[in-house]
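Here's the structure, in structure tokens; my notes come after.
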Amino acid sequence: MRYTNQRIEPTRTKLAIKKPSNNLTAELGVYRHTGRLARVLRPFENLTAFLAASVMIALLLRLVVVFFVVHDSGHTINDNNFGWESWEMGWTARSIFLGQGFSSPFLPITGPTALVPPLYPYIIAAAFHLFGLYTSASAFAVLAFNSLCSALTCIPLYFLVRNSLPERIARIASFAWAVYPFAVYFSADRVWDYALTGLLFTCCMLAAQKLHLRGYLAWAGFGLLYGLAVLSNPSVVTLLPFFLLIAMYRVWRVRGAWLSKAMVASIAFILVCTPWTIRNERVMHANFLLRDGFWLEFYAGNNGDTTASNSAFAHPASNPAEMQKYQQMGEIAYMAQKHDLAVDFVKHHPGFFAIATLRRIVRFWTGYWSFNPSYLRFEPFDLPNVPFCIFLMFFMVKGLRLWRRYDRGAVLPYLLALLVFPLPYYITHSSMDYRQPIEPIIIVLVSIGLFGVTRKSIEPERTVDDSLAFIDVRDEQTEPESVLV
């Protein structure tokens, strides 16, 4: 090797650093904003913080609406009405407040009634005692109570979903309920039992979900809770036998005490409902479970009038002639007459009844009844409701089919609720407010339809009780004592 004394001068190389492109600058900005957002949302990774935030956002959103509703000049509050959708509930509560008992479901004083279920009128009457009869303060109190019930539904809804689906879907469904337009509107603008019944029914579904793993005390609690929900709105009673049958079957499959537990739940339910049934027999001199207005509602939807799903002229509250009949005949005789008129009409017009039923089914799920200008004058919200409801229905069905493909047992109660609950409204009259008790279920399925779910995401969530799914036919080797508490 040869060496040289020649000095080698180092060379300088200039590195050309290009100015970031607009796209790269934008991407860096996104990363910075994402990082900030992640830091903001990090506290809500905690479940308690997330649920508290969801409830607070839901409540504040509804209370803002309540504030504007109560101070709306179009809602004239006087000594006889709140000025908006209280109707029979409000008038019955007025009678309770005045010391006349559970009576007079219409503006005139007419005597005892069973036209509305008992729970919610007593809540309104309590507001009257605290804040005055038909005052702005009592209106705000009742609507704030509705808003609280609707906001609290975020909690059982989260756990209902989390028991069967991934955390992501549970959080999406819970927060979606917080900002869901129908949930906001029907709780903050209507003096009715929608929000209370929705909360109670969601809790009932949550209790039924794990009922087969629980002991006698839990079965009794389920019966008591379901009885309370029925006192709020009897329409949910149609699903009680199905929930009990599913739980009984799951206990039977592991040779548990399915019959005795079902009897405990049934007795607890009967204990809650029986006092009001006895009251109806003694005061109304008639035998029925909780309310007697079915045939009035049936006649209102099946009398030959198709201008609306629920004919206003058929109701005493909106027709002076019907009000006079109601006063003269008394409630029981009046309802018996509506029974005869409705049955006779259907016998002579079966084609009308069939077509009207199909139209009511369409209205229940899409919000559509008619685009006639005279109809829309009284129902202006139907125009925006229809595309929104069709959007919900599409993703609800998509979510149902997707979930059913991976976990038939878990989806069964949801499917039954969608099939069974609307049946009375298909044959009477239907509108968006009647489906509010099952609206949380709809939100769950829409969330699945929008954001998807896979078998891989479901499998890690399955627990020991999932092997007892109603349609799952795999053999279990587990002894009853290891799964039943």
Side-chain angles (χ1 to χ4, degrees), residues 156 159-165 197 200-274 277 289-290 400 403-404 406-424 437-438 440-441 444 458 461-485:
F159 288 104
L160 179 69
V161 181
R162 187 66 182 87
N163 284 339
S164 304
L165 292 168
T197 304
L200 292 173
F201 183 67
T202 305
C203 290
C204 288
M205 283 202 66
L206 176 61
Q209 202 173 40
K210 302 288 185 179
L211 190 59
H212 58 286
L213 297 176
R214 306 294 183 243
Y216 287 96
L217 187 61
W219 285 72
F222 173 74
L224 295 174
L225 179 63
Y226 214 103
L228 192 64
V230 170
L231 290 179
S232 176
N233 190 332
S235 62
V236 300
V237 75
T238 54
L239 288 165
L240 176 60
F242 295 98
F243 291 160
L244 281 179
L245 284 173
I246 292 174
M248 290 164 60
Y249 178 81
R250 290 172 172 174
V251 176
W252 172 80
R253 290 196 65 176
V254 293
R255 301 177 180 87
W258 60 274
L259 183 58
S260 59
K261 289 184 175 182
M263 290 179 64
V264 167
S266 301
I267 291 171
F269 173 79
I270 293 171
L271 286 175
V272 174
C273 298
T274 297
T277 304
L289 178 60
L290 293 175
L400 187 68
W403 193 9
R404 183 178 178 274
Y406 298 130
D407 195 345
R408 294 185 177 184
V411 81
L412 180 62
Y414 293 79
L415 179 61
L416 288 171
L418 298 180
L419 293 176
V420 176
F421 176 82
L423 292 178
I438 63 169
I441 297 173
V444 173
I458 292 178
E461 313 301 329
R462 297 177 70 90
T463 56
V464 63
D465 63 285
D466 293 310
S467 64
L468 307 179
F470 184 62
I471 311 182
D472 194 342
V473 296
R474 292 176 296 180
D475 292 329
E476 294 80 32
Q477 302 300 325
T478 309
E479 292 297 325
E481 291 78 5
S482 65
V483 294
L484 295 178
V485 180

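Heads up: numbering here begins at 1 and tracks the sequence. Keep in mind that this is a model prediction, so the values were computed, not measured.
- Formation of a donor-acceptor pair under 3.5 Å by the Thr277 side chain with backbone atoms of Cys273 is found in this model.
- No side-chain heavy atom of Leu290 sits less than 4.5 Å from a side-chain heavy atom of Val237.
- Interatomic distance, OH of Tyr226 versus CZ of Phe243, reported as 5.0 Å (0.5 Å rounding).
- Considering only heavy atoms from C-beta on, Ile246 comes within 4.5 Å of Leu416 through its side chain.
- Looking at heavy atoms from C-beta onward, Trp219 lies in side-chain contact with Val251 at the 4.5 angstrom threshold.
- When atom types are taken as modelled, the side chain of Tyr414 and the backbone of Val444 share no donor-acceptor pair closer than 3.5 angstrom.
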One pair to check against side-chain contact (heavy atoms from CB on, under 4.5 Å): Thr238 and Leu423. What are the steps and the verdict?
CA-CA 9 Å; Thr238 54; Leu423 292 178; over 6 Å; no

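- Between the CG atom of Leu244 and the CG atom of Leu211 there is a distance of 7.5 Å, given to the nearest 0.5 Å.
- In this structure, Leu239 and Ala417 approach most closely via the heavy-atom pair CD2-CA, 3.7 Å.
- Nearest heavy-atom pair across Ile270 and Thr274 is O-OG1, 2.5 Å.
- In this structure, OG1 on Thr197 lies 12.5 Å from CD1 on Ile438, to the nearest 0.5 angstrom.
- Contact check for Ile441 versus Phe421: no side-chain heavy atoms found under the 4.5 Å cut-off.
- Two residues are said to be in side-chain contact when any heavy atoms from C-beta on lie closer than 4.5 Å; Ser260 and Tyr216 meet this criterion.
- Remark: Cys203 SG to Leu160 CG distance equals 9.5 Å, nearest 0.5 Å.
- Side-chain contact check for Asn163 versus Leu206: some heavy-atom pair is nearer than 4.5 Å.
- The main-chain N or O of Trp403 is never found under 3.5 Å from a side-chain atom of Asp407 such that the two would form a donor-acceptor pair.
- Under the 4.5 Å side-chain criterion, counting only non-hydrogen atoms from C-beta, Pro413 is in contact with Met205.
- Looking at every heavy atom in both residues, Ala268 comes nearest to Ala220 through CB-O, 3.3 Å.
- Interatomic distance, CD1 of Ile267 versus CG of Leu224, reported as 11.5 Å (0.5 Å rounding).
- Here the closest non-hydrogen pair linking Ala207 and Phe222 is CB-CD1, 3.8 Å.
- When all heavy atoms of Lys261 and Gly215 are compared, the closest pair comes out as NZ-CA, 4.2 Å.
- Residues Phe242 and Leu412 are not in side-chain contact: their nearest non-hydrogen atoms beyond the backbone lie 4.5 Å or more apart.
- The heavy-atom pair separating Ser164 from Gln209 by the smallest distance is OG-NE2, 3.2 Å.
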